Novice: 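Take this structure first; my questions come after.
Indexing begins at 1, ligand by ligand and atom by atom, following the structure's order. Predicted model, so just to flag it, every value in this text is computed and none were measured.
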Amino acid sequence: MSIRLNCLSNMARRLNCNFSQWSSRVFAAEFDSRCDPVYFALSAQTPAADEKQSLLFQKLFSQGKAFSVHAITDDRIQRARSYSDLQDKLVSALPKSCNLLQLIAFHPDVNNSLVKGFFIQDALNNAGTENMLKDLVKSEEFHLCTYVSSEDGKLWQQCVWSQRGKECTEVAKHYITVAAKPEYHPSLLNIINTVVYYSFEDAYRVLQECKECIPESKEVLELADQCIKNSTKGRFPVIVIEGLDATGKTTLTQSLQEILRGALLRSPPGCLSQWRARFDAEPPLIRRAFYALGNYISACDIARESAKSPVIVDRYWHSTAAYAIATEVGGTLESLPSSHSEVYRWPRDLLTPDLVVLLTVRPEERARRLLARGVEKTREEAELEANNLFRQKVEEAYRRIQDPACVVIDASPSKEEVLSEVLLLIQKHCNL
Ligand SMILES: Nc1ncnc2c1ncn2[C@@H]1O[C@H](COP(=O)(O)OP(=O)(O)O)[C@@H](O)[C@H]1O
Ligand SMILES: Nc1ccn([C@@H]2O[C@H](COP(=O)(O)OP(=O)(O)O)[C@@H](O)[C@H]2O)c(=O)n1
């Protein structure tokens with residue numbers, strides 16, 4: 001597929017026609033996270049009519065009227081924030097007759113080429129929907145497309161609209177062809193340095209780019225500046241406890257602290273708590289960079305404390321990466337990057353613990369504990385409960401992270417049993 005698309009854009013370049021960068025992208029419209037998306041590409045030439053293709057496109061584009069919207073700025077921070085704003089606007093303003101789907105556009109196999117947008121099917125073909133979407137284009141941050149068919153309904157075209165003076169005008173029109181399913185789910189193109197950061201500098205750079213639009217970034221950066229780079233562990237062991245919410249991390253880490261007479265730390269560290277809600281409200285690009293920096297700040301504390309006593313850490317890099325990967329990857333467990341993917345590698349400059357224990361509990365037991373605790377859940381945790389599939393993806397991502405990999409413990413038995421099992425593990429791994 002990518003070869004065919006490259007040929008197309010090379011040909012367009014030779015012909016010196018205005019074949020925008022969008023033309024070499026593949027679009028993926030996601031009907032349901034459990035099914036494969038519909039993949040389509042744009043073509044400068046009239047494609048041959050194909051019965052199967054026409055049927056598929058009719059399903060996609062002729063449920064009333066179809067539209068797509070993408071944020072188009074080159075600034076990654078602005079694009080991520082515009083996408084979030086757009087989602088809020090569409091969710092609140094679209095009439096009930098509309099079906100809102102995720103539409104992504106990407107260059108096959110090119111990392112960070114993915115641009116997120118929306119695909120809207122308006123079953124009633126409301127004039128109001130079209131006007132509302134054209135209004136959005138006025139802000140010049142978005143790219144609006146409509147979809148039209150030839151008279152016999154066999155060929156489809158994507159029309160691009162843009163604000164020219166006072167008018168919203170059609171500025172380009174391309175034929176649409178079915179594109180092959182890529183080898184890997186396109187969301188994988190958007191993990192490295194977009195939601196998971198593998199060095200202090202990469203995460204730091206994102207918050208630096210946010211200084212203007214999120215003033216709190218400056219304070220987080222100041223704390224990060226105080227971090228000793230590449231901090232190394234002291235002579236005492238460092239034990240990280242990981243797991244989904246309500247798997248017993250707090251209970252276990254407190255017991256371990258008492259028994260081992262150690263220091264209890266967490267990531268993100270307490271010094272960042274005042275800004276956590278602020279960054280939780282930001283899109284993944286920014287939110288994940290905040291948590292990534294949190295790990296580096298915690299690493300400094302871990303280095304200092306491990307010179308004096310054993311250190312127990314409640315969540316660390318495994319949490320940051322596993323939640324980010326599971327949220328970003330659409331589809332089922334099979335859509336996760338394969339076990340040997342580089343997305344599961346440990347950042348080269350982050351202090352490595354001696355032991356990472358992953359607590360797992362059966363879903364019914366976890367739900368029982370959450371209910372008994374009665375604490376308000378974070379938005380993401382609420383989603384976990386509603387979405388068992390997402391929970392499985394987070395846990396599987398935890399299990400795939402390497403160097404150090406986590407040791408998985410069934411934390412469904414009693415607190416005492418879990419504690420003694422973990423103490424045995426610590427003895428084995430950390431010579432305690
Ligand atoms: N092994 C266990 N068996 C039964 N209940 C437990 C066990 N470990 C923790 N709990 C209870 O489950 C709830 C969640 O535990 P907590 O330690 O707060 O989890 P986390 O820190 O992972 O969110 C608490 O009410 C706690 O008392
Ligand atoms: N080191 C960490 C810790 C939390 N997180 C994020 O924070 C959320 C969980 O935090 P939480 O405060 O609800 O967790 P608990 O420690 O209360 O179980 C996850 O959704 C992760 O996205 C992270 O990315 N990195």
Side-chain angles (χ1 to χ4, degrees), residues 191 195-197 203 206 220 240-257 264-273 275-299 301-302 312-328 346-347 350-351 353 356-387 390-391 393-395 397-398 401 406 409-423:
I191 292 182
V195 291
V196 186
Y197 301 93
V206 174
V220 177
V240 173
I241 307 297
E242 293 280 12
L244 294 169
D245 196 27
T247 46
K249 296 182 296 301
T250 310
T251 311
L252 177 66
T253 49
Q254 282 168 356
S255 308
L256 288 175
Q257 178 194 20
L264 175 53
L265 301 173
R266 64 184 337 263
S267 174
C271 61
L272 289 188
S273 12
W275 297 297
R276 197 167 169 187
R278 177 73 189 83
F279 284 90
D280 272 345
E282 289 297 327
L285 174 80
I286 301 165
R287 176 174 182 220
R288 302 300 177 188
F290 168 81
Y291 281 105
L293 282 183
N295 287 327
Y296 287 95
I297 297 172
S298 290
D301 300 338
I302 296 172
I312 324 297
V313 192
D314 187 340
R315 290 195 191 266
Y316 193 43
W317 196 77
H318 273 70
S319 275
T320 311
Y323 279 88
I325 294 169
T327 317
E328 197 58 26
W346 189 266
L350 182 65
L351 182 147
V356 182
V357 178
L358 173 66
L359 304 181
T360 61
V361 290
R362 289 184 297 276
E364 320 79 66
E365 171 65 10
R366 188 175 163 274
R368 194 194 62 74
R369 289 186 196 177
L370 271 173
L371 216 65
R373 196 163 63 169
V375 181
E376 196 192 334
K377 301 166 198 81
T378 61
R379 203 162 84 176
E380 195 160 23
E381 287 295 344
E383 190 178 346
L384 275 186
E385 240 189 315
N387 190 342
F390 179 52
R391 198 187 62 80
K393 281 198 281 189
V394 177
E395 223 168 75
Y398 266 131
I401 293 168
C406 53
I409 291 281
D410 178 7
S412 308
S414 72
K415 295 174 188 178
E416 297 70 27
E417 283 171 280
V418 175
L419 175 63
S420 49
E421 193 172 347
V422 173
L423 283 172

Novice: Is there a donor in the side chain of Thr253 and an acceptor in the side chain of Arg266, or the other way round, less than 3.5 Å apart?
Specialist: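 No, because no side-chain N or O of Thr253 sits under 3.5 Å from a partner of the opposite role on Arg266.
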Novice: Output yes when a side-chain donor or acceptor of Arg288 lies under 3.5 Å from a complementary backbone atom of Tyr197, and no otherwise.
Specialist: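 Judged by distance alone, no pair lies under 3.5 Å.
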Novice: Which of the numbered atoms in ligand 1 are below 4.0 angstrom from a heavy atom of Ala411?
Specialist: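 Per the distance check, 1 (N).
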Novice: Looking at atom 21 (O) of ligand 1, what's its closest protein heavy atom, distance included?
Specialist: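 The closest one turns out to be Thr250 OG1, 2.4 Å.
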Novice: Less than 3.5 Å between some nitrogen or oxygen of Val418 and one of ligand 1, yes or no?
Specialist: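 Among all N and O atoms of Val418, none is under 3.5 Å from an N or O of ligand 1.
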Novice: Is there a polar contact between ligand 1 and Asp314, counting only N or O atoms under 3.5 Å apart?
Specialist: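 Between Asp314 and ligand 1 (N or O atoms, distance only) the closest approach is not under 3.5 Å.
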Novice: Could you list the atoms of ligand 2 found under 4.0 angstrom from a heavy atom of Arg266?
Specialist: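 Listed by number with element: 16 (O).
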Novice: Would you mind listing which atoms of ligand 1 come within a distance below 4.0 Å of any non-hydrogen atom of Thr251?
Specialist: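 Reading through ligand 1 atom by atom, the close ones are 9 (C), 15 (O), 16 (P), 17 (O), 26 (C).
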Novice: Considering only heavy atoms, does Ala372 approach ligand 1 within less than 4.0 Å through its side chain, its backbone, both, or neither?
Specialist: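 For Ala372, there is no contact with ligand 1 at all, from either part.
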Novice: Distance under 4.0 Å to a non-hydrogen atom of Asn295: what atoms of ligand 2 satisfy this?
Specialist: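 Result: 1 (N).
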Novice: Describe, in one word, how the ring planes of Tyr398 and His318 are oriented to each other, choosing from parallel (under 30°), tilted (30 to 60°) and perpendicular (over 60°).
Specialist: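 Rings of Tyr398 and His318: parallel, under 30°.
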Novice: Counting heavy atoms only, which of Glu242, Lys249, His318, Arg315 comes nearest to atom 4 (C) of ligand 2?
Specialist: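 It is Arg315 that holds the nearest heavy atom.
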Novice: Would you say Ser412 has any N or O atom under 3.5 Å from an N or O of ligand 1, going by distance alone?
Specialist: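 No - when backbone and side-chain N and O of Ser412 are compared with those of ligand 1, no distance drops under 3.5 Å.
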Novice: To check your reading of the model: name the closest protein heavy atom to atom 1 (N) of ligand 1, its residue, and the distance in Å.
Specialist: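 Ranking protein heavy atoms by distance from atom 1 (N) of ligand 1, first comes Pro413 O, 2.8 Å.
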Novice: Would you check whether Tyr323 has a nitrogen or oxygen atom less than 3.5 angstrom from a nitrogen or oxygen atom of ligand 2?
Specialist: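 No, Tyr323 has no N/O under 3.5 Å of an N/O on ligand 2.
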Novice: Calculate, to the nearest 0.5 Å, the distance between atoms CD and OG1 belonging to Glu242 and Thr360 respectively.
Specialist: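 Rounded to the nearest 0.5 Å, the CD-OG1 separation comes to 13.0 Å.
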Novice: CG of Leu264 to CD1 of Ile312: how many Å apart, nearest 0.5 Å?
Specialist: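 It is 7.0 Å, given to the nearest 0.5 Å.
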Novice: Test side-chain contact (heavy atoms from CB on, under 4.5 Å) on Leu256 and Leu419 and set out the steps.
Specialist: CA-CA 8 Å; Leu256 288 175; Leu419 175 63; 3.8 Å; yes
Novice: In Å and rounded to the nearest 0.5 Å, what is the CD to SG distance from Glu395 to Cys406?
Specialist: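 Here the rounded value is 9.5 Å.
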Novice: Strictly below 4.0 Å, N to O, side chains only: are Glu364 and Arg368 in salt-bridge contact?
Specialist: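 The answer is no: the pair does not qualify as a salt bridge.
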Novice: Classify the contact between Trp317 and ligand 2 as side chain, backbone, both or neither, using a heavy-atom distance cut-off of under 4.0 Å.
Specialist: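 It is neither part, as no heavy atom is under 4.0 Å.
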Novice: Can you list the ligand 1 atoms lying under 4.0 Å from a non-hydrogen atom of Lys249?
Specialist: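 That gives atoms 17 (O), 19 (O), 20 (P), 21 (O), 22 (O), 23 (O) of ligand 1.
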Novice: Does Asp410 offer a backbone N or O that forms a donor-acceptor pair with the side chain of Arg362 under 3.5 Å?
Specialist: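 Not confirmed, Arg362 side chain does not pair with Asp410 backbone.
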Novice: Provide the number and element of each atom of ligand 2 under 4.0 Å from a heavy atom of Asp245.
Specialist: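 Heavy-atom distances to Asp245 below 4.0 Å select 15 (P), 17 (O), 18 (O).
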Novice: Looking only at protein heavy atoms, which one is nearest to atom 24 (C) of ligand 1, and what is the separation?
Specialist: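 In this structure, atom 24 (C) of ligand 1 has Arg373 CD, 4.3 Å as its nearest protein heavy atom.
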Novice: What distance separates Tyr323 OH from Arg315 CZ, expressed to the nearest 0.5 Å?
Specialist: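 Reported to 0.5 Å precision, the distance equals 4.0 Å.
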Novice: Nearest protein heavy-atom contact for atom 13 (C) of ligand 1: which residue, which atom, what distance?
Specialist: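 Heavy-atom neighbour on the protein nearest atom 13 (C) of ligand 1: Arg369 CB, 4.0 Å.
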Novice: Touching ligand 1 at all, Ala246? Heavy atoms, strictly under 4.0 Å?
Specialist: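 Ala246 counts as a contact of ligand 1 under the 4.0 Å cut-off.
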Novice: If you measure every N or O of Arg368 against every N or O of ligand 1, does any of those distances drop under 3.5 Å?
Specialist: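 Not met; the criterion fails.
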Novice: Heavy atoms only, cut-off 4.0 Å: how does Thr250 contact ligand 2, side chain, backbone, both, or neither?
Specialist: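 Near ligand 2, Thr250 shows nothing, with every heavy atom at 4.0 Å or more.
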Novice: At the 4.0 Å heavy-atom cut-off, does Gly243 count as touching ligand 1?
Specialist: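 The answer is no, since Gly243 has no heavy atom less than 4.0 Å from ligand 1.
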Novice: Can you measure from CG (Asn295) to OG1 (Thr320) and round to the nearest 0.5 angstrom?
Specialist: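 These two atoms lie 3.5 Å from each other.
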Novice: Check this for me - ligand 1, Gly248, N or O atoms closer than 3.5 angstrom, yes or no?
Specialist: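 N/O-N/O distance under 3.5 Å: yes.
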Novice: Relative to the heavy atoms of Pro268, which atoms of ligand 2 are at a distance of less than 4.0 Å?
Specialist: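 Within the 4.0 Å cut-off of Pro268, ligand 2 contributes 3 (C).
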Novice: Backbone N or O of Phe279 within a donor-acceptor pair of the Trp275 side chain at under 3.5 Å?
Specialist: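 Checked: no pair found.
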Novice: Is the backbone N or O of Ala322 less than 3.5 Å from a side-chain atom of Lys393, with the two atoms forming a donor-acceptor pair by type?
Specialist: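 Pair absent, no side-chain N/O of Lys393 close to backbone of Ala322.
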